[in-house]
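Working notes, structure below.
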Amino acid sequence: MKKCNSLYKRVISLMVILTCCVYSIQVIAQNQTEKVVVVGKVADADMLPIVGANVVIESTSIGVITDIDGNFKIDVPKNSVLSISFIGYVTQKFKISGPDNLDVILVSDMSELDDVVVIGYGTVKKKDLTGSIESLSGDLLVKSNNTNITETLNGNVSGVLVTKSSNRPGADMSMQIRGVNSINSSNEPLYVINGVPSYSGMKHLNASDIESIDVLKDASSAAIYGSRGANGVVIITTKGASKKKGFSIDYTGSFGVKTPTRIPDMIGNKGNGLEYVDYRVALWKKKYGDASLSRPDFLTADEKRRIRNGEYYDWLREISDQSYVTNHSISTAGGNETTSYSFGIGYLNDEGMIGKEEFTRYTANVGLEHRFNDKITTGISSYISDHKTNHGSQDALLNAYFLPPIVSPYNDNGNYEFIVQPTSSKINPFIQNENNIRESKAFYSNFSGFLELKLIEGLSLKSQVAYQFDTDLYGEWIGKYTQQKGGVNPSEAYRREGRNTNVVWDNIVSYHKEINENHKVDAIGLFNMQKDTHQGSAMRGIGLPYKSDWHAIQTADEITDVSSYYWESSMTSYMGRVNYTLMDKYMMTLTGRYDGTSRLKGDKRWGFLPAAALGWQIKKEGFMQGVEAINKLKFRLSYGKTGNNNLNHNITLTELGLSRYTFGSNGVNGFGISNVLGNEDLEWEMTSEYNFGLDFGLFNNRIEGTVDVYTRETDGLIFNRAVGSVNGFNSVYQNIGKTSNKGIELTLNTVNISQTNFYWKTNFTFSLNRNKIEELYGDNKDDLGNRWFIGEPVNVIYDLKYLGIWQADEEEEAGKFGQSVGHIKVEDVNGDYNLDQQDFQILGTPSPDWTAGMVNSFVYKQFDFSFDIYARVGGLYNDSFTYMFTAWDNEHWNKADVNYWTVENGSNEYQQVGAQSYHTQVLSKVSGTFVKVRNITFGYALGKSVLSKIGLSKLRLYSQVQNPFTFTDFIGSDPETIGENVNTQLSLYPMTFTFGINANF
Amino acid sequence: MKKDVLKKKILVFCSLLFFMGLLHSCEENKTLQSREVSLDCLYSNYESMLTLQDTAKIGESDGTFPRENAELLQIAIEEIELGVSKGLAGQFTLQYEADNFCISAEKAIAEFLNSYQETLAPGTPAELIVYGIDGKGRIEFGSDPAFGGSDAFAVEAWIKYDENFYESGIGDFIATFDNSTQPHEGWMINFMGDNMRSTIGMGPQEGRVLEWGNKYPTNYGEWNHIAMVYDASLSEGQLKMYLNGEIFFSKTNDIVDNAGVVQSYQPNTKNFNMWAFQEPTDQARCMTGYIRKFRFWNVAKTQSDINTLMNSDVTGSESDLECAWDFTMVPENDEAIADKTGEHTAKIVGNYKWISL
């Protein structure tokens, strides 16, 4: 272990040193003398020549552009500065002291790359942006190599918090933008994929197919989506047809080996079984007394034999295995003056490290655009994704944690034994893996077509129809020989499927006008109609005659839980937006959206959601012209209102409830009013937000950044409020209560070193959000039952406060609480020596205090190297894993190898084993703080001379390791999955070694 | 020349790959060695048992040890001889295996000594010890649905015990508890770990109990008055326990079913048995100890009531008193001890002893 720690320390030291160098940039004075000849070549980070790059002698208009091979030649006065620039790349400058031959690598400037930002129903140049929008390029998504691209947003987009449910392949993720707004309804943002709004997430998307992801964070930006924008909007634009001439093929492929890392340390693992026996002796002695060790169930004969022979079984390392991740994507694009097209297909296979866990995805992406003339353009695009997830069995990994090293999965014949520990209820996890199958098959598609007419200069009409169709099929097989059935109860099969459609018709009129150089107007108007339908069914069969997985439920002895549903909703919207820019310095955006939804009733279904934003390019003011250190400075101020339409479709209805009665041998259905009273007066939960932003660029844009400060309030929260069984109803939906979120976000991009052959840049993000309940029921009272407290975050941990362990010198005081030395010590808030709910207090919130991400990228000649660090600091979480494996004292199961209190070791962390301490639930409260090096990548791009021989225009080879270092106090595997469901989602933490190729023909 | 450059680049590339591989190669390696096993306690207990065997007077009259117990002692001696042989043959891997023989020997010695015969006449003031460990003794109070309690009841008793008064899991003092079927039913005053606890079955959801406790008093050899009170009508602190008139703990019913519905107490509806020193259904839950007085009330007593009761006697005619026994003098018939209400009869079973005051 020392060896590892030492390595960690060295790497961390290296990173700290490198990071500290970021701001050590010096400005060098210059002199000009006689002319010298400078030749050179300009290429991008992938060593592709940049054609048309500007090579200019600074402070003059003298310059040249690079030729088709990126070469240039220029006469330069001695000791002058040569500036080399190209749109979308960071400008480089060289002091010329004599004849020189420069090999210049221009690296894309992320912020400038996002020169054009997608703002919903249109785009805007980033310099003219007034709202808070962050963009991620498709390139970054590909480089991050995450199976689910949602994960890449963590640490790369400020204000975004992605939560993983598990590290099993295909596991779901949820996203929050700027905190929790709603208490009862969803806080997931709206996803708009190629113009189709939905809540289906991004799991089905292939990173190679993504052109960009734009995250609309503030209300003024999200107001364009009106009643669905309260939780922010994520706009995903897939690669479509462009006007590119010629033909190109891109291939991206990788192969990775996954291996579990940070396997939690269980007592007696790694062949150290005697440690476990010591633990069991201590546990039994303390829990049951010394005499209990002679009980026949203390150790079975087989267990004693294995101890005698030193046969120990490391369950976690045996049940987990290396697995592989394979990813192939190929895309083509091309076109001529009138027609352009694109086509891409992708395949991904991500195997799990336990049992049959696996995620397989096929994707296809098609785009076609035809320009009849300058006035009429039409196009179609489609995205199709088909994926299958084998979720793996439930309980298998959990059992592997529970089973001690003195138990073996094999019987005397070398075959798997079902009951591996006769004294315990935990069955063989290998057999569980075979007999519990949980699978999902999902299909996602969207198709869209548009016709755009440019009637007069600046005015265009565009009509687009988009159709999304997705299905989701889930099946489960629980065989007789599983943990659930215990080898006794009959097998069970379950099947559930759902089909959703979503039709969106957008009619957009756009107008662009520039009046002399001082006035620029961009306006759009939208009429939109949308209808979505949802239907599905489910059934369960119990007692199946043979192993038919979940495909022959009709053969079951009993068919139960049969259900089906259908519902639909629709929305009609009118929207207008005007962007006005005065003198290229003053910007204003006005947005208004008028939405009507079928999910609400009467006049409450219509609502107007306005927004306004102002921008001021201060750098362009005269008084700033002399400030050379500042290259860019813009203030932004915005206000907007948005709604949350992600409500239950039947929230205004009082429904009939179905009850089944038995009369004799017959079952009869009875209907009565359900216990929830619908409310036809419900309105949208409404969010209003102020956002103040600052965009800046310093030292020739070597340091660029954005700071946003926001405050938002969500009013009229929809509560399912208990009403105490009045008229047969237990609860009623009402608009009551208010929440707020306030926060700061920072994005910083720096070019730390920019030399002829070496380039280093850093991208940094920081996010801080504070969430609070402002009002609940209007009576200024907390809701203790639901743990909602005015002035506190929506989600809090409310419990006894853990103070440590009662020590030997505290025996008398411990006795006053009825506690013993070695027991858990908690705070007696009211000092009455009775520890009960009166002593509960708010301990924290399961949300980080702040998060930060940093990517350092280095280019040296044809080599590139990068590493990605992500930190999440603060937050208190309930974690079942920690609780189970530190608090439970089951006499036959295993436990985490942590610092337990003993007579000799007065630990203040964990109680004495077997001491039957009370208040053990406090152990489940764990800090969410961690720092991860998520990704280290090393790449090499072949030079042109080699490429020309093999007929490629680009070829980059890279190796990558994901999750190499994690620093945390969490005793589980991955601190990002704290709180995962231990029965259904428990997973190991993968470290993945990948070798990949990016090629362009 | 270009080939050399390319070779160098490939070398660097491979070196970095190797570095990445190193990240995964560091694993902690720790292994405990096997241990020396001491046989000292085996020898000392063996010596003690032989001495006892040589000096004890065996017979049927007072002042002797019963022949039956002498035979048990002989079996124990043979058992520890086996332990010594195993130890010398190196068959013990860990110390606990030798210790197990020693613990058995110590129990055998104590049991032999406890069998010393001393007959007291009925009516003699005495205190009762029941050797419940290993299920060898108990008091059966009979079977009556009223023992199960309802939404309000109180149990009070005087108890005394010595060190190591229970072993192997839960040490049951008095109970009607039944966990043989679902849902759990009945109530139990019991010991576990360092704690003295009250446990009551809750339902209708299966597998639910309301259970709480605190560190048990360690004033070994001294009497303690304990009381368990359940009152479902309270909004909090429905389950309370008192120790010598002081609140020992107060526990709010936070037991819910899978749907979050609060569960209620489930009285014993099956066998109606009420036993002391051994649980009626799970008979492995047992303990050794003294009992002086025991009362079961079908109402919830307040702390004030408890303080009064612990300093007074009952006549048996009190309203709400379901049953009451005083074990303060030797009865006429240990198998039929009438309670003060005249409604119930208790029976002492197995190993126990009346000890003269």
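Below, chains carry the letters A, B, ... as their sequence lines are ordered, and counting in each starts from 1.
- If you measure heavy-atom distances from A:Asn834 to chain B, the contacts under 4.5 Å come from the side chain alone.
- Among A:Ala814, A:Ser294, A:Gly943, the residue with the largest count of heavy-atom pairs under 4.5 Å with chain B is A:Ser294.
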Dump the intermediate steps for salt bridge (charged side-chain N to carboxylate O under 4.0 Å, His left out) on A:Lys286 and B:Asp194, then the final yes or no.
-> CA-CA 8 Å; A:Lys286 183 63 187 173; B:Asp194 290 339; 3.2 Å; yes
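- With values rounded to the nearest 0.5 angstrom, A:Leu274 atom CG is found 8.5 Å from B:Thr93 atom OG1.
- A distance-only check finds a donor-acceptor pair linking the side chain of B:Asn195 to the backbone of A:Gln916 [under 3.5 Å].
- Of the atoms belonging to A:Gln838, it is side-chain heavy atoms, and not backbone ones, that fall under 4.5 Å from chain B.
- Contact tally against chain A (heavy-atom pairs below 4.5 Å) for B:Pro217, B:Gly193, B:Gly213: the top residue is B:Gly213.
- For the pair B:Met192/A:Tyr288, a side-chain contact is recorded, criterion being any heavy-atom separation below 4.5 Å from C-beta on.
- A:Phe298 pairs by the ring pair (Phe, Tyr, Trp, His ring centres under 6.0 Å) definition with A:Trp284, B:Tyr96, not counting sequence neighbours.
- With a 4.5 Å cut-off on side-chain heavy atoms, A:Ile307 and B:Leu94 count as touching.
- Taking each heavy atom of B:Asn100 and A:Asp290 in turn, the nearest pair found is OD1-O, 4.3 Å.
- Residue pairs meeting the salt bridge (Lys or Arg N to Asp or Glu O under 4.0 Å) criterion with at least one member in residues 94-109 of chain B, sequence neighbours excluded: A:Arg308-B:Glu97, B:Lys107-B:Asp134, B:Lys107-B:Glu167.
- Heavy-atom distances place the side chain of B:Glu236, and not its backbone, under 4.5 Å from chain A.
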